[in-house]
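Report on the following structure.
Side chains are part of it too, since the values below use all heavy atoms of this structure and drop only hydrogens, waters and symmetry mates.
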Amino acid sequence: MNGGRIFAVIALLLAAAAVAGCGRKSALDTPYQAQVDARKEAEKTGAPLPAAPEKPDRDKPFILDPLL
């Protein structure tokens, strides 16, 4: 390998490592829970309240769920 290819491979590996480190390590929030949290935060700060979230329907299974 010449120097250019080695540099490109190293740069690609560093970029992949940087992207892999993004985000947070915790459970994902459901859209309903995110709306509830946003409403609580708005109440604390005195900002205009967003619309009240609607309780979601029960979990509906999808045909591809067993694959996940």
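- If you run side chain to side chain contact (heavy atoms under 4.5 Å, CB included) between P61 and each of I63, L64, D65, only D65 comes through.
- Of all heavy-atom pairs between R39 and P53, the closest is CD-CD, 4.1 Å.
- Y32 and E54 get closest at one heavy-atom pair: CD1-O, 3.2 Å.
- Looking at heavy atoms from C-beta onward, Q35 lies out of side-chain contact with P50 at the 4.5 angstrom threshold.
- The line from CG of L67 to CZ of F62 is 10.0 Å long, rounded to the nearest 0.5 Å.
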